[in-house]
**Q** 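This is the structure I have questions about; it appears just below.
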Amino acid sequence: AKDMGRDTFCYYEAEMDEEVQARAELVTDLRKAIDKGELFVHYQPQFCLENDKVSGMEGLMRWRKQDGTVIPPYKFIPEMERSGLIVAAGEWILRECCCQMMRWMEDGWDGVPVSVNVSMHQIFAGDFPETVSQILEETGLPAGMLKLELTESVIMVDVQEAIAIFSQLKQIGVELAIDDFGTGYSSLSYMQQLDVDVLKIDQSFIKHVTERRGDAVIAETIITLAHNFGMKVIAEGVETADHVNILKTLGCDQVQGYYYSKPLEADELIAFVRARADA
Ligand code: C2E
Ligand code: CA
Ligand code: CA
Ligand code: CA
């Protein structure tokens, strides 16, 4: 039994070493990926339910390795968060999205606000509002064309600090959205202190919204809450015509999901927009 215990211990230790090593390698690769320009952006359009027009888009990070394989965010964003690399990568995608929208506008499209995900680590590292101002100045993008997506967890880390930073960001003129709304622990009392423009209903509530009464009630409650506070609502993970219909009935403002479009490469996105004559 003693020996077996030791073997078990060694077994776990070896397995853990392997995991630690794999993670260290991933961090090294990711650091190089940023420097070598292996990160790129997919843009997913968002639509206004009232007029069916493209109303915005979300920039989503992708990693194309040297061998050409494209790695989805769930395989590398968590490690970027743990290692702190998300601060540099987050600044990179912010600049890239602003640059890209500015180029489209220079090419004659009126453009739509581009939404960028911001990690909690970025918000509390250095002077984030100053970084945002600098990028807008550098790229020439009007502040109103940039929307930042933050999660409820950001708020809960340090409520007072979050309120201060949100208000600085609003003063710059960017729009603020709470991402994955309904999955976190935000308190209603903070909602009125945070000057937020948009609540994004998490896709987990949309998936079964047509067959689960509870999910429809949650969606409806978020929409009513948002509207009563003067906010707009975007539903994500909209995959079917039934999803669209129920969200219209519930008074949702905008939608994003595979039913309309998957996230697209930059040139595919502009072709999509032009084909719909939205540009
Ligand atoms: P998210 O911010 O909630 O982004 C929405 C995710 O839902 C995207 O996954 C998108 O491709 C996916 N999606 C869109 N429409 C549908 C649909 O109809 N059905 C389903 N099932 N999924 C849909 P993606 O691109 O894999 O990104 C996953 C997550 O990774 C994002 O979730 C976000 O939390 C994180 N992420 C992506 N890019 C960035 C980034 O630049 N910075 C940070 N901090 N996080 C990012
Ligand atoms: Ca998002
Ligand atoms: Ca989301
Ligand atoms: Ca999500």
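Predicted, not measured: the structure shown is a model, and the values here were computed from it. Counting convention: from 1, in listed order, for ligands and their atoms alike.
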**Q** Starting from the Ca ion (ligand 2), look over the N/O/S atoms of E58 and name the nearest one.
**A** OE2
**Q** Please, which pairs that meet side-chain hydrogen bond (donor to acceptor under 3.5 Å, both in side chains) have at least one residue in residues 122-137, sequence neighbours excluded?
**A** E130-Q134
**Q** Classify the contact between D180 and ligand 1 as side chain, backbone, both or neither, using a heavy-atom distance cut-off of under 4.0 Å.
**A** side chain
**Q** Got a sec: does the NZ of K36 have more than 12 other heavy atoms crowding it under 6.0 Å?
**A** yes
**Q** Can you figure out which of A177, P73, G59, A89 has its heavy atom closest to atom 29 (C) of ligand 1?
**A** P73
**Q** Give the intermediate values and the outcome of side chain to side chain donor-acceptor pair (under 3.5 Å) for residues D202 and S204.
**A** CA-CA 5 Å; D202 191 65; S204 60; 2.7 Å; yes
**Q** Please test D180 against Q203 for side chain to side chain donor-acceptor pair (under 3.5 Å), starting from the C-alpha separation and ending with a verdict.
**A** CA-CA 7 Å; D180 305 336; Q203 57 189 48; over 6 Å; no
**Q** For K65, does its backbone N or O pair with a side-chain atom of T69 as donor and acceptor, under 3.5 Å?
**A** no
**Q** What atoms of ligand 1 come closer than 4.0 angstrom to any heavy atom of I93?
**A** 41 (O)
**Q** Considering the heavy atoms of E236, write down every atom of ligand 1 situated less than 4.0 Å from one of them.
**A** 3 (O)
**Q** Purely on distance, is any nitrogen or oxygen of N117 under 3.5 Å from one on ligand 1?
**A**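 N/O-N/O distance below 3.5 Å exists for this pair.
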**Q** In residues 39-57, what donor-acceptor pairs under 3.5 Å come from side-chain atoms, sequence neighbours left out?
**A**
| residue | atom | partner | partner atom | Å |
| --- | --- | --- | --- | --- |
| H42 | ND1 | R62 | NE | 3.1 |
| Q44 | OE1 | Q256 | NE2 | 2.8 |
| Q44 | NE2 | S261 | O | 2.9 |
| Q46 | OE1 | M57 | N | 3.4 |
| Q46 | NE2 | Q256 | OE1 | 2.9 |
| N51 | OD1 | K53 | N | 2.9 |
| S55 | OG | Q46 | O | 3.3 |
| S55 | OG | C48 | N | 3.4 |
| S55 | OG | Q254 | OE1 | 2.9 |

**Q** One residue to check: D179. Relative to ligand 1, which of side chain, backbone, both or neither has a non-hydrogen atom less than 4.0 Å away?
**A**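 Only the side chain of D179 comes within reach of ligand 1.
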**Q** Considering only N, O or S atoms, which atom of E149 is nearest to the Ca ion (ligand 2)?
**A** OE1
**Q** Are any of the heavy atoms in E58 under 4.0 Å away from ligand 1?
**A**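 Checking ligand 1 against E58, which is what was asked, there is a heavy-atom contact under 4.0 Å.
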**Q** Under 6.0 Å from the NZ atom of K170, do we count more than 12 heavy atoms belonging to anything else shown?
**A** yes
**Q** Under a 3.5 Å distance rule, please check whether D253 uses its side chain to pair with a backbone N or O of K232 as donor and acceptor.
**A**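 No, the answer is negative, given that no donor and acceptor are paired below the 3.5 Å cut-off.
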**Q** Does K32 come within less than 4.0 Å of E25, counting only side-chain N to carboxylate O?
**A**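 Not counted as a salt bridge, because no side-chain N and carboxylate O are separated by less than 4.0 Å.
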**Q** Could you state the interatomic distance from CG (L199) to CE (M191), rounded to the nearest 0.5 Å?
**A** 5.0 Å
**Q** Between R62 and ligand 1, is there a nitrogen or oxygen pair with a distance under 3.5 Å?
**A** yes
**Q** Tell me, yes or no, whether the heavy-atom count around E211 atom CD, taken from other residues, nucleotides or ligands under 6.0 Å, exceeds 12.
**A**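 For E211, atom CD is crowded (more than 12 foreign heavy atoms under 6.0 Å).
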**Q** Are G237 and ligand 1 in contact, using a heavy-atom cut-off of under 4.0 Å?
**A**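 It does, in that a heavy atom of G237 comes within the 4.0 Å cut-off of ligand 1.
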**Q** Name the option, out of L60, L94, T151, L150, that contains the heavy atom nearest to atom 8 (C) of ligand 1.
**A** L60
**Q** Under 4.5 Å between side-chain heavy atoms, counting indirect links through other Ile/Leu/Val/Met/Phe/Trp/Tyr residues: same cluster for I155 and L225 or not?
**A**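 Shared cluster, yes.
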**Q** Taking both backbone and side-chain atoms of Y258, is any N or O found less than 3.5 Å from an N or O belonging to ligand 1?
**A**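 Yes; at least one N/O pair falls below 3.5 Å.
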**Q** Are any of the N or O atoms of E239 closer than 3.5 Å to those of ligand 1?
**A**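 Such a contact does occur with ligand 1.
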**Q** Could you tell me whether P72 approaches ligand 1 through its side chain, its backbone, both or neither, with non-hydrogen atoms closer than 4.0 Å?
**A**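 The answer is neither.
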**Q** What part of Q256, side chain, backbone, both or neither, has a heavy atom within less than 4.0 angstrom of ligand 1?
**A** neither
**Q** Please check if I270 and M102 belong to a single hydrophobic cluster, counting links between Ile, Leu, Val, Met, Phe, Trp and Tyr side chain heavy atoms closer than 4.5 Å.
**A**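 Result: yes, single cluster for both.
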**Q** Output yes when the distance from some N or O of ligand 1 to some N or O of P263 is under 3.5 Å, and no in every other case.
**A** no
**Q** Please confirm if an N, O or S atom belonging to N117, backbone or side chain, lies less than 3.0 Å from the Ca ion (ligand 2).
**A** yes
**Q** Taking N or O atoms only and a 3.5 Å limit, does Q44 qualify as a polar contact for ligand 1?
**A**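 It does: an N or O of Q44 is found under 3.5 Å from an N or O of ligand 1.
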**Q** Has D179 got an N/O/S atom less than 3.0 Å from the Ca ion (ligand 2)?
**A** yes
**Q** Where's the contact between Q203 and ligand 1, heavy-atom distance under 4.0 Å: side chain, backbone, both or neither?
**A**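 The answer is the side chain.
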